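Contents: one structure, followed by commentary.
Computed from a prediction, not measured in an experiment: that's the story for all the values here. In what follows, every heavy atom counts, from backbone to side chain, and hydrogens, waters and symmetry copies are set aside.
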Amino acid sequence: MLTVLMVCDALVAIVLIAAILGQEPKSGGMGGAMGGGDAVFSGPVRGVDALLARITIAFGVLFAVITLAIAKLIM
């Protein structure tokens, strides 16, 4: 059971990393935080970015749940 959860955790982590890297940047990094960002690019997300944002949230929660289950089984 523990091995299955660890493999699932690794697969979820890979999908989560891919979903995060696939998203477009929302700001200009530190320049955006200091007021240097362009207001044109800070609108609502659409299309693929919206899908990747939902996937990121879903797989982030799934990753946390599986990791907590692994921790519970180890203790």
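- Hydrophobic clustering keeps Leu11 apart from Val4 (ILVMFWY residues linked when any side-chain heavy atoms are closer than 4.5 Å, directly or through intermediates).
- Leu52 and Ile17 fall into different hydrophobic clusters, where Ile, Leu, Val, Met, Phe, Trp and Tyr residues are linked whenever their side-chain heavy atoms come under 4.5 Å apart, directly or through other members.
- The OG1 atom of Thr67 sits 9.0 Å away from atom CG of Leu62, with the distance rounded to the nearest 0.5 Å.
- The closest donor-acceptor contact from the side chain of Glu24 to the backbone of Asp49 lies at 3.5 Å or more, if one exists at all.
- Listed here is the closest heavy atom pair of Ala19 and Ile55: CB-CG2, 3.9 Å.
- Both Leu51 and Val15 belong to a common hydrophobic cluster when Ile, Leu, Val, Met, Phe, Trp and Tyr are linked at side-chain heavy-atom distances under 4.5 angstrom.
- Note that CZ of Phe63 is 11.0 Å distant from CD1 of Ile14, once rounded to the nearest 0.5 Å.
- Taking CE of Met6 as the reference point, atom CD1 of Ile70 lies at 5.5 Å (rounded to 0.5 Å).
- Taking CG of Leu73 as the start and CG of Leu68 as the end, the distance is 11.0 Å to the nearest 0.5 Å.
- The heavy-atom pair separating Leu5 from Ile66 by the smallest distance is O-CG2, 3.5 Å.
- When the side chains of ILVMFWY residues are joined at heavy-atom separations under 4.5 Å, either directly or via intervening members, Ile20 and Val12 end up in a single hydrophobic cluster.
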